[in-house]
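Working notes, beginning with the structure itself.
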Amino acid sequence: VDGRVIANRPGERGATAIELAGGNHRVQVFDPQDRLVTSATVSVIVSEQARFELRRGQLTELGRGPLASQGAPCTPVPPTKPAPAVIVVKPPPPVTPVAPVAPVGPLAMRDGDFTGFISAVKAEAFSSDQLGIITGVARTQHFTIAQVGVVLDQLAHSSDKVAAATVLAPRVIDRENAWKLNEHLTFSSDKDAVRALFQ
């Protein structure tokens, strides 16, 4: 009763809880193996006693009356529905904060699209037309340094290579690899000019 163990005496079928304050009391019944059979909330006033019976796994009230010390027996009450079991409401588990997802930066042009782009550049006979295609595609696409190197290899003149690199540099997603463009350029002055685009 209220967390206090009330054991029945040898030879007795029941147990008695005494010196309880008036109000609601939580009654739990355990079997010999200490497994919970049932629980209920029982309400009594300070000057009365109540008698209950465990019947089919539920506590059933048998009667109420003045405390036994006052010499009056419990008055039987008509059968009622079994007392409802105590429902323990547990708070929800704490919410684990989810780490924010790092924003995804721009992605380089897809391989299939890039292959078509290079084919279009190759198909043009004049460098001005090639640069026109490169400039148009660079308005909406991003590139890797490796892709920029492939574009430069399609151009015959060193000045065109520098012009293409100037157009593509703002759209490169891995600028830290710009040094790899040196192998696609012939003259030191061109290498210096392209290096300056990524600083």
Side-chain angles (χ1 to χ4, degrees), residues 2-3 24 26-31 33-41 56-58 81-199:
D2 297 335
N24 293 331
R26 186 177 184 193
V27 178
Q28 296 173 291
V29 180
F30 295 85
D31 66 11
Q33 286 76 38
D34 287 333
R35 292 176 299 197
L36 181 65
V37 176
T38 187
S39 63
T41 299
R56 296 179 181 176
Q58 296 288 340
K81 293 182 180 179
V86 174
I87 300 175
V88 179
V89 179
K90 295 182 178 180
V95 177
T96 303
V98 178
V101 178
V104 178
L107 300 177
M109 195 173 188
R110 292 181 297 184
D111 291 343
D113 295 337
F114 184 73
T115 300
F117 166 49
I118 293 301
S119 296
V121 173
K122 282 182 179 180
E124 295 297 334
F126 299 102
S127 60
S128 59
D129 294 330
Q130 290 178 315
L131 289 172
I133 292 175
I134 293 169
T135 302
V137 172
R139 290 193 184 102
T140 59
Q141 298 294 329
H142 288 83
F143 305 89
T144 64
I145 285 294
Q147 289 175 328
V148 173
V150 174
V151 172
L152 298 187
D153 290 342
Q154 311 311 309
L155 304 171
H157 304 292
S158 62
S159 60
D160 293 335
K161 292 178 184 285
V162 174
T166 302
V167 170
L168 298 175
R171 311 294 290 178
V172 170
I173 63 174
D174 58 338
R175 300 173 65 83
E176 68 278 5
N177 294 321
W179 58 271
K180 294 181 180 180
L181 293 178
N182 283 349
E183 62 188 71
H184 302 278
L185 301 165
T186 304
F187 303 107
S188 296
S189 58
D190 295 338
K191 293 177 181 179
D192 291 341
V194 170
R195 187 183 309 113
L197 296 173
F198 293 93
Q199 290 178 348

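These figures come from a predicted structure and were not determined experimentally. In what follows, residues are counted from 1 in the order of the sequence shown.
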Nearest atoms (heavy-atom pairs only) where [X] meets [Y]:
| X | Y | result |
| --- | --- | --- |
| K180 | I145 | CB-CG2, 4.0 Å |
| T144 | A108 | CG2-CB, 3.6 Å |
| S158 | D190 | CB-OD2, 2.9 Å |
| H184 | D153 | ND1-OD1, 2.9 Å |
| Q154 | I118 | CD-CG2, 3.9 Å |
| T140 | R171 | C-NH2, 3.7 Å |

For residues 192-199, dump all side-chain donor-acceptor pairs below 3.5 Å to protein atoms at least two apart in sequence or in another chain.
residue : atom : partner : partner atom : Å
D192    : OD1  : R195    : NH1          : 2.7

Original post:
Counting only N and O atoms by type, is there a donor-acceptor contact under 3.5 Å from the side chain of Q147 to the main-chain atoms of F114?
Top reply: no
Original post:
Going through the distances and angles, do M109 and V137 end up as a side chain to side chain contact (heavy atoms under 4.5 Å, CB included)?
Top reply: CA-CA 10 Å; M109 195 173 188; V137 172; 3.9 Å; yes
Donor-acceptor pairs under 3.5 Å, side chain of residues 120-136 to any protein atom, not counting sequence neighbours: which ones?
residue : atom : partner : partner atom : Å
S127    : OG   : D160    : OD2          : 3.3
Q130    : NE2  : V121    : O            : 3.1
T135    : OG1  : L131    : O            : 2.8

Subject >> Pairing residues for D174 by the salt bridge (Lys or Arg N to Asp or Glu O under 4.0 Å) criterion, not counting sequence neighbours >> reply: none
**OP:** Determine whether V150 and F143 make a side-chain contact, defined as any pair of heavy atoms from C-beta on separated by less than 4.5 Å.
**Re:** no
Subject >> Gap separating the CZ atom of R110 from the CD atom of Q141, nearest 0.5 angstrom >> reply: 8.0 Å
